Amino acid sequence: MTLLETIKREGAQTHRSAPRKFDPIAMPELAFTPELAREMEPMYQQVKDVVTPIEWMQFAPLVKAINELKVKRNAVILAHNYMTPEIFHCVGDYKGDSLQLAIEAGRTDADVIVQAGVHFMAETSKLMNPDKTILIPDMEAGCSLAASITAEDVRALRDAYPGVPIVTYVNTSAAVKAECDITCTSANAVQVVESLGSSRVLLIPDEFLAKYVQTKTDVEIIAWKGRCEVHEKFTGEELNELRGKDDSIKIIAHPECPPDVIAAADFTGSTKGMIDWVKTNKPPKVVLVTECSMSANVSAEVPETQFIKPCNLCPHMKRISLQNILESLVYMRNEVTIEPGVAARARRAVERMVNLKN
Ligand code: 13P
Ligand code: SF4
């Protein structure tokens with residue numbers, strides 16, 4: 001079953017046209033004129049190492065139109081670290097990992113949130129700030145982890161492990177979150193698991209994140225069989241081979257990677273944790289074992305570091321473009337809503353995580 005089918009079956013509703021009263025706005029003219037080129041030049045300087053001049057001719061009018069529309073609509077764009085650089089650096093108002101974006105979604109007083117990320121992130125924003133209009137530029141931007149488990153699966157786990165608390169990674173549908181005790185992200189999974197005061201915890205749905213957390217805690221972790229289709233492709237062998245050629249290369253991995261990849265890494269952390277590590281340590285050469293756009297985004301800010309492949313593309317994150325961000329704001333389409341009964345229970349699980357003391 002695809003994520004969209006799961007969502008439709010389990011209660012999160014999706015709208016392809018705007019049900020609320022927003023004034024119609026005409027699609028702006030998009031032309032790369034000499035005046036526009038001059039006006040946008042300071043912004044181009046921030047991304048010139050990762051966006052070519054030809055690409056900029058296409059991006060600049062879209063960037064200008066989106067930034068003007070954000071003001072008209074009182075909208076903010078929450079951009080995940082895996083967005084391409086022209087989205088991340090040129091239209092993103094808040095940028096970060098899943099945890100940071102969830103917190104910003106709860107804080108904003110904008111009327112509209114455009115989620116430059118995937119569907120579960122948009123649902124989390126809705127849970128954090130239910131009165132806001134949440135738009136996702138492409139409804140099909142899913143996640144293999146979110147698609148790996150249903151609410152019914154979680155109910156079956158509850159029956160199979162009576163009394164064992166269930167922690168769900170935020171990479172799940174609202175319907176799955178509604179069946180769980182608390183959510184976690186890759187930034188706080190160990191802390192969340194240990195906060196429950198239980199000797200056994202179910203940590204779903206990412207089997208590799210669960211394995212990673214198990215190496216950091218004495219709590220017994222019971223895992224599900226979900227995997228991130230992007231991170232599961234990396235191998236320890238390819239990384240060890242790279243290091244064999246040049247031992248000055250630093251290897252930084254996301255905890256969704258397989259255990260042999262994490263064993264080969266110098267540091268493992270959430271996407272924010274990985275970025276902070278690079279900015280603090282400024283290694284001459286680094287491999288970010290994660291989605292490719294993150295290297296491009298950090299390299300625009302840390303030009304002294306050389307970013308080495310491998311990296312893999314997330315096909316879901318790559319569905320988001322300047323073009324569909326603009327269309328979502330012009331037509332106010334692709335609103336993400338959640339059935340109130342599901343939302344109330346899912347919100348409890350997310351708020352319990354957000355309210356944990358550091
Ligand atoms: P982060 O919370 O680390 O940003 O991870 C989200 C994600 O989808 C990674 O694949
Ligand atoms: Fe999901 Fe993996 Fe894509 Fe993140 S990178 S959104 S976990 S499929």
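The chain is numbered in sequence order, starting from 1. Both ligands and their constituent atoms are indexed starting at 1 by order of listing. Scope of the values below: all heavy atoms of this structure, side chains included, with no hydrogens, waters or symmetry mates. Predicted model, so just to flag it, every value in this text is computed and none were measured.
- A distance-only check finds no donor-acceptor pair linking the side chain of Asn81 to the backbone of Met294 [under 3.5 Å].
- The main-chain N or O of Thr108 is found under 3.5 Å from a side-chain atom of Asn129 such that the two form a donor-acceptor pair.
- Residue Glu29 places its CD atom among 12 or fewer non-hydrogen atoms of other residues, nucleotides or ligands, all under 6.0 Å distant.
- Taking a cutoff of 4.0 Å between a charged side-chain nitrogen and a carboxylate oxygen, Glu256 and Arg227 do not qualify as a salt bridge.
- Each of the following atoms of ligand 2 lies closer than 4.0 Å to a heavy atom of Glu256: 2 (Fe), 7 (S).
- Shown are the protein N/O/S atoms under 2.8 Å from atom 3 (Fe) of ligand 2, given by residue and atom: Cys314 SG.
- Taking only non-hydrogen atoms, the option from Cys257, Pro255, Gly117, Ser186 nearest to atom 3 (O) of ligand 1 is Ser186.
- Distances shorter than 4.0 angstrom occur between a heavy atom of His80 and an atom of ligand 1.
- Short contacts between ligand 1 and His254, defined as distances under 4.0 Å to a heavy atom of the residue, involve ligand atoms 1 (P), 3 (O), 5 (O), 9 (C).
- One side chain, Glu229 or His316, offers a donor N or O that lies under 3.5 Å from an acceptor on the other.
- With a 4.0 Å cut-off on non-hydrogen atoms, His231 touches ligand 1 through its side chain and not its backbone.
- Of all atoms in ligand 1, numbered sequentially from 1 with element shown, those under 4.0 Å from a heavy atom of Ser98 are 1 (P), 2 (O), 4 (O), 5 (O), 6 (C).
- Evaluated for a side chain to side chain donor-acceptor pair (under 3.5 Å) with His231, the options Asp206, Thr290, Asn312 yield exactly one hit, Thr290.
- Per-residue contacts place Ser270 under 4.0 angstrom from the following atoms of ligand 1 (heavy atoms of the residue considered): 3 (O).
- For ligand 1, the atoms sitting less than 4.0 Å from at least one non-hydrogen atom of Asp97 are 1 (P), 2 (O), 4 (O), numbered in the order shown with element in parentheses.
- Comment: Glu140 does not engage Arg319 in a salt bridge, judged by the lack of any side-chain N to carboxylate O separation of less than 4.0 angstrom.
- For ligand 2, the atoms sitting less than 4.0 Å from at least one non-hydrogen atom of Asn171 are 7 (S), numbered in the order shown with element in parentheses.
- Of the possible donor and acceptor atoms, none in the side chain of Asn171 sits under 3.5 Å from a partner among the backbone N and O of Ser144.
- Each of the following atoms of ligand 1 lies closer than 4.0 Å to a heavy atom of Glu256: 7 (C), 9 (C), 10 (O).
- Under the 3.5 Å distance criterion, with hydrogens and angles disregarded, no donor-acceptor pair is assigned to the side chains of Gln323 and Ser321.
- Close N/O approach between Asn81 and ligand 1 is not found [any backbone or side-chain N/O within under 3.5 Å].
- Side-chain N/O atoms of Ser293 and Lys318 include a donor and acceptor closer than 3.5 Å.
- Side-chain N or O atoms of Gln100 include one that pairs as donor or acceptor with a backbone N or O of Asp97 at under 3.5 Å.
- Contact annotation: for Asn171 versus ligand 1, heavy atoms closer than 4.0 Å belong to the side chain alone.
- Between Arg243 and Asp266 there is a salt bridge, with a side-chain nitrogen of the basic residue lying less than 4.0 Å from a carboxylate oxygen of the acidic one.
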